[in-house]
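Below is one structure, written out as structure tokens; comments come after it.
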Protein chains: 2
Amino acid sequence: MAVTMHDVARRAGVSIKTVSNVVNAYPHIRPETRRRVQEAIDDLGYRLNTTARNLRQGRTGMIGLALPELSLPYFAELADSVMRAAEARGVVVLIEQTGAQRERELQALDSAQRRLTDGLLFSPLALEPEETEKLEVDYPMVLLGERMFGPVDHVTMANVEASRAATLHLIERGCRRIAAIGAHPGETMGSARLRYDGYRKALAEAGVPFDPRLVVEAGLWHRATGAEAMSTLLDSGVPFDGVFGMNDALALGALHVLHARGVSVPHDVAVMGFDDVDDARYSEPLLSTIDPGREQIAQTAVDLLLDRIGGSTVEPRRVVAEFQVVARESSMLGRLVPQGG
Amino acid sequence: MAVTMHDVARRAGVSIKTVSNVVNAYPHIRPETRRRVQEAIDDLGYRLNTTARNLRQGRTGMIGLALPELSLPYFAELADSVMRAAEARGVVVLIEQTGAQRERELQALDSAQRRLTDGLLFSPLALEPEETEKLEVDYPMVLLGERMFGPVDHVTMANVEASRAATLHLIERGCRRIAAIGAHPGETMGSARLRYDGYRKALAEAGVPFDPRLVVEAGLWHRATGAEAMSTLLDSGVPFDGVFGMNDALALGALHVLHARGVSVPHDVAVMGFDDVDDARYSEPLLSTIDPGREQIAQTAVDLLLDRIGGSTVEPRRVVAEFQVVARESSMLGRLVPQGG
DNA sequence: CTGTTAGCGCGTTCAA
DNA sequence: TTGAACGCGCTAACAG
């Protein structure tokens, strides 16, 4: 079998506790003792049994990260940021995919993994607002990326403010008929709704008339759906001179179709995305977008979660990350005359 | 504290063992007993303590997946596939990023997480061939995506054959001066070397002369480095009419620069990638590429690993996934006359 | 500075 | 078909 502390203790001629002390870097050990123990550890190839330690301590040193899909670049990059933040704080991340399905999001709240992690970072996408009560779980949890209620810590991006800024950016560039791609009609608190609200807010503030025909639905926020939405819009014949993709994938898909259909970006149509994923730096033209502060979100979320795991019982906290408008080629020039489809 | 089997047993008026039997779906239990126990479980909100079970059973039900970076789309998609395959088989995946750094890859082989997982799926990128001995670990391991030696199970893509096919595809389209982007000079067994070998093989077989000036280095296989490599190539003035990007990211980066510099794809230059990531379906033009059989790789790798975890001691196995040439727009037309830079 | 003791919560003997 | 006792490997008390 595996070599245990017991074996090491016997070999080093000390007690099991001393071995434990050495392994756990307990400061008050005689150098000579430490050396002997270390030697025994090396000789025997001993490795601490993490599971036993976890059982004993009642903690696992793991946190869960439940997100829609790793193959969505935003979430892959978020996972990356979270893992780095966690590593810097000495904990390990256990990723779970929910496929952005309501059922599976609920499952994640109650899966077997919950007994394996000390807490959960949860990025729900499909959960309905009337289900926020289900978020009142009995373990440490921090919500990511959305505005939902319930007595839970949240770290969110400034969805409304940032999409307002994105839309204003297009307006400042001269756009007057700005399409919004990615709407989820009927939704009352998800990103889609919030970003739509920001879009409406910007239009209203700038006195730019709202035209519902410029709002295009897209359930999943993939490039494919962005491309589809743009095709639909072009086919509809409704004129537009700007596009606000509710995330970069949608915007990049739209960009692709615009190009294919001979619409020049940014000359005929200016385009903005949201998320600032890596890809936005390599599209043709380079995609203007919103940097939602992903690093800050990841670090703050891990910090809040570890604070809860540490036993904090302060009131639920809401942290909104700082965002930035990233102006690249796709919004460099506004167009003055609306363009027909 | 948390409710234990003990509490459930007392409440149901049975012994701990009976509760355990119910929880573990042991067949021979009187329906009445089962009902009483189940009721107690529900009333108390009992949840099995996975850590305790793990300690007792000597297994954790988790497998590690060590890969370079989640923000590289190929690996994000691979992780997705692996997690699905694992879930279907009832195990959980613990992802670790190595940043494609030799040091961190070695660390992954020996990290604390190794005591937390029953085995490891390892996708090394930076490890040197003379270090294959380090892969002789004392826990179940399956290597992914590379050809390395040592007595270890491997699941790999057909790097040489597939890149040969990709190059032949370009040759069939009329290309005679095909640049290869992504080389790692000096490497002897990594993907870069293997794909380069396939490229050389295709040229030789088709009687197309090899010109070393057409081989461009690129350390990291990101879009940015692909873009850089293409700029370098164009600046060099060496004529070419085809590009084989050793992965899609490199090819997409190259595509971007070609477009920006006014070189028409596929009219002036045909382009092939490798990996068939999602993005290849949304570039302008659509990127031709190699589908390396990622699903098959993920499923086979998980199966092999679980087999080892189950105690199999058969000889190390090598599985090579089936690949496919995916011809899209970027290689639709060959060009007949070489083009100057 | 180091040793002894007593569980963490579960599964697995072995009886009954 | 169910119960009682033991121990997986470790750490927290406490003692010395």
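It should be emphasised that the depicted structure is a prediction, and the values quoted were computed from it without experimental measurement. Quick note on labels: first sequence line is chain A, next is B, and so on, each numbered from 1.
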message: What I want to find out is whether B:Arg35 reaches B:Glu32 closely enough, with some N-O distance under 4.0 Å, to be called a salt bridge.
response: yes
- prompt: How close or far is atom C1' of D:dG9 from atom CZ of B:Arg115, stated in whole angstroms?
  reply: 9 Å
message: Any side-chain N or O of A:Arg56 below 4.0 angstrom from OP1/OP2 of D:dA12?
response: no
task: Mind checking A:Asn24 for me? I need base, sugar-phosphate or nothing, with any heavy atom below 4.0 Å counting as a touch.
output: sugar-phosphate
- request: Just call it for B:Thr33: base, sugar-phosphate, or nothing, with non-hydrogen atoms closer than 4.0 Å on any strand.
  value: sugar-phosphate
message: Taking A:Glu96 first and then A:Arg114, would you say they form a salt bridge - that is, a charged N and a carboxylate O separated by under 4.0 Å?
response: yes
- request: Answer with yes or no whether the side chains of B:Ser20 and B:Asn24 bring together a donor and an acceptor at under 3.5 Å.
  value: yes
Identify every side-chain donor-acceptor pair in residues 76-86 of chain A under 3.5 Å, counting partners at least two apart or on other chains, and give the distances.
{"residue": "A:Glu77", "atom": "OE1", "partner": "A:Arg294", "partner atom": "NH1", "Å": "3.4"}
{"residue": "A:Glu77", "atom": "OE1", "partner": "A:Arg294", "partner atom": "NH2", "Å": "2.8"}
{"residue": "A:Glu77", "atom": "OE2", "partner": "A:Asp278", "partner atom": "N", "Å": "3.0"}
{"residue": "A:Asp80", "atom": "OD1", "partner": "A:Arg84", "partner atom": "NE", "Å": "2.5"}
{"residue": "A:Asp80", "atom": "OD1", "partner": "A:Arg84", "partner atom": "NH2", "Å": "3.0"}
{"residue": "A:Asp80", "atom": "OD1", "partner": "B:Gln97", "partner atom": "NE2", "Å": "3.2"}
{"residue": "A:Asp80", "atom": "OD2", "partner": "A:Arg84", "partner atom": "NH2", "Å": "3.1"}
{"residue": "A:Asp80", "atom": "OD2", "partner": "B:Ser71", "partner atom": "OG", "Å": "3.4"}
{"residue": "A:Ser81", "atom": "OG", "partner": "A:Glu77", "partner atom": "O", "Å": "3.1"}
{"residue": "A:Ser81", "atom": "OG", "partner": "A:Glu295", "partner atom": "OE2", "Å": "2.9"}

message: Could you tell me if the side chain of A:Arg11 sits less than 4.5 Å from the side chain of A:Val8, heavy atoms only?
response: no
Any A:Ser20 side-chain nitrogen or oxygen under 4.0 Å from OP1 or OP2 of D:dT11: yes
query: CG of B:Asn21 versus P of C:dC14: gap in Å, rounded?
result: 16 Å
Spacing between A:Arg10 atom CZ and C:dT4 atom C1', to the nearest angstrom: 17 Å
task: First locate atom CG of A:Asp7, then atom CD1 of A:Ile16, and finally report the distance between them rounded to the nearest 0.5 Å.
output: 9.0 Å
- prompt: Between atom CD1 in B:Ile16 and atom P in C:dT12, what is the gap in whole Å?
  reply: 14 Å
message: Over all strands shown, is A:Ile29 touching base, sugar-phosphate only, or nothing at heavy-atom distances under 4.0 angstrom?
response: sugar-phosphate
message: With a cut-off of less than 4.0 Å, is there a side-chain N or O of B:Thr18 near OP1 or OP2 of D:dT1?
response: no
Canonical and wobble pairing (Watson-Crick, G-U, under 3.5 Å) of DNA chain C, dot-bracket with |: ||||||||||||||||
- request: Rounded off to whole Å, could you give me the CG-to-P distance for the B:Leu55 and D:dC6 pair?
  value: 18 Å
query: How close or far is atom P of C:dC10 from atom CD of B:Gln57, stated in whole angstroms?
result: 12 Å
task: Check every atom of D:dT11, C:dG11, D:dA4 against the side chain of B:Ser15 and return the nucleotide holding the closest atom.
output: D:dA4
message: Nearest to the B:Lys17 side chain among C:dC10, C:dT12, D:dG9, which nucleotide is it?
response: C:dT12
Whole-Å distance separating the CE atom of A:Met5 from the C1' atom of C:dT4: 15 Å
message: Between B:Asp303 and B:Arg89, does any NZ, NE, NH1 or NH2 come within less than 4.0 Å of an OD or OE carboxylate oxygen?
response: yes
- prompt: OP1, OP2 of C:dC1 versus side-chain N and O of A:Arg30: anything below 4.0 Å?
  reply: no
message: Please report the distance, rounded to the nearest Å, between CZ in B:Arg35 and P in D:dT1.
response: 18 Å
